[in-house]
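Take a look at the structure below.
Counting begins at 1 with the first residue of the sequence. As the structure lists them, so they are numbered: ligands from 1, and atoms in each ligand from 1.
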Amino acid sequence: MPVAIEFKGVGRHYGAVKALDGVSFTVQEGEFFSMLGPSGSGKTTSLRLMAGFEQPSFGSLQLMGKEASGTPPYERDVNTVFQDYALFPHMTVLENVAYGLMVKKIPKAEREAQAREALAMVALPDHGQRTPAQLSGGQRQRVALARALINRPRILLLDEPLGALDLKLREQMQVELKVLHRKLGITFVYVTHDQGEALSMSDRIAVFNHGQIEQIATPRELYHQPKTRFVASFVGSANVVETALAAKAIGSAKAFSIRQEHMSVGQAGTEIPADRVQVEGEVLAVQFLGANQRIEVQVGDQILTAMQIESEATAALADRTQAGQRIALSWAKKHMVMLDS
Ligand code: ADP
Ligand code: MG
């Protein structure tokens, strides 16, 4: 597959602030690529570099196989959707969507026809004459999408586009964005700090931390094979067993991750088969969460968490388990993932 975007050792420093500190990755044409990370990790900076609103302090950046530095935003085959919509309040929806074509001096009839087409694409065909104030949050975000799509960009950049919406609408828009991506067949680069959102929508995810990329992988790979402590705990909150406890548990002082749902809870002092590892500790809390039950256990100087699917067995376990009680946690060796850093 042809490459849509390529970063080669790209950095962006603001004085002493290393917003982006030497990242390399490629995005394939047609891919749904997400940049996931906590606030301040360099996601928006990366997106602004792609859009051309920023220039790299060092490194090189290519778009569709061509060096991008020096190409202004409006000459890039790229458009951006922001979280805050950035619609013009005094213009109608149709005028907002057609704005990019008006700047390009496309005649009125033609730009309005294209704007209507773009609005139909985002399922808002009959709202052209309203102003942004007459729309709901979800509808405004659709207008922002239509406006970004009207120039038919090869690459669509989305910076936390659903961040301002409530959970239910966010989930609905996630599905719609996926459908739109499939229909258009263009490259989507999606910024989010929400790991669930990234896991559910993306072909691949780059995990950002402190201006660097910790790992790039498919959602399943990231979830099951995290390479670092940060990825293990940020993506799906796995337990990270640190070296001191690892030395006791497996006889080797190497940190590893083990998912909460792979932890079984048992009575202290019971024998376990050779393909499992067991540690003992003191129950800190048993939390009923509806579909799941979470048990937090103090093991040595660490807190480990077991997540169990709610059943009669977990209900019975909760009945006989109290904070302060000694308990065993065990897991299959095959579920342990050794960490690089
Ligand atoms: P994210 O989108 O992951 O939350 P950003 O890319 O916006 O993170 O920012 C990364 C870091 O760079 C943050 O510490 C931020 O404060 C800093 N930063 C971003 N833009 C600027 C700027 N124009 N001037 C100074 N610091 C900036
Ligand atoms: Mg940001």
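The nearest heavy-atom contact from the protein to atom 12 (O) of ligand 1 is A19 CB, 3.1 Å. For atom 7 (O) of ligand 1, the closest heavy atom belonging to the protein is T44 CB, 3.6 Å. For atom 10 (C) of ligand 1, the closest non-hydrogen atom on the protein side is G40 O, 3.4 Å. Of the protein's non-hydrogen atoms, T45 OG1, 3.8 Å is the one closest to atom 9 (O) of ligand 1. Nearest protein heavy-atom neighbour of atom 3 (O) of ligand 1: K43 NZ, 2.8 Å. For atom 23 (N) of ligand 1, the nearest protein heavy atom (residue, atom name, distance) is Y14 CE2, 3.4 Å.
Going from atom CG of L47 over to atom CD of E160 covers 10.0 Å, rounded to the nearest 0.5 Å. Going from atom CG of L20 over to atom OG of S46 covers 4.0 Å, rounded to the nearest 0.5 Å.
Considering backbone and side-chain N/O atoms, V17 never comes within less than 3.5 Å of an N/O atom of ligand 1. Polar contact with ligand 1: present for G42 (N/O pair, distance under 3.5 Å).
The distance from the Mg ion (ligand 2) to the nearest N/O/S atom of S39 is not under 2.8 Å.
Using a non-hydrogen distance threshold of 4.0 Å, G211 does not register as a contact of ligand 1. Using a 4.0 angstrom heavy-atom cutoff, G37 does not count as in contact with ligand 1.
Short contacts between ligand 1 and S39, defined as distances under 4.0 Å to a heavy atom of the residue, involve ligand atoms 4 (O). Set against the non-hydrogen atoms of P38, the atoms of ligand 1 under 4.0 Å away are 3 (O). Counting the atoms of ligand 1 from 1 in the order shown, those under 4.0 Å from a heavy atom of S41 are 1 (P), 3 (O), 8 (O).
Using cut-offs of 30° and 60° for the angle between ring planes, the F88 and Y99 rings count as tilted.
Counting protein heavy atoms under 4.0 angstrom from atom 19 (C) of ligand 1 gives one or more.
Between E197 and L162 the shortest side-chain heavy-atom distance falls below 4.5 Å.
Seen from the ring of Y74, R76 does not count as a face-on cation partner, given the 6.0 Å and 45° thresholds.
Ion pairing between a basic and an acidic side chain is recognised when a charged N comes within 4.0 Å of a carboxylate O; E282 and R326 show no such pairing. Remark: E54 engages R12 in a salt bridge, criterion side-chain N to carboxylate O under 4.0 Å.
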Might you work through the side-chain contact (heavy atoms from CB on, under 4.5 Å) test for V279 and K248, ending with a clear yes or no? CA-CA 9 Å; V279 294; K248 281 187 212 147; over 6 Å; no
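With ring centers used as reference points, Y190 lies under 6.0 Å from F32.
Put simply, the side chain of S311 gets close to the backbone of T314: a donor and an acceptor are under 3.5 Å apart.
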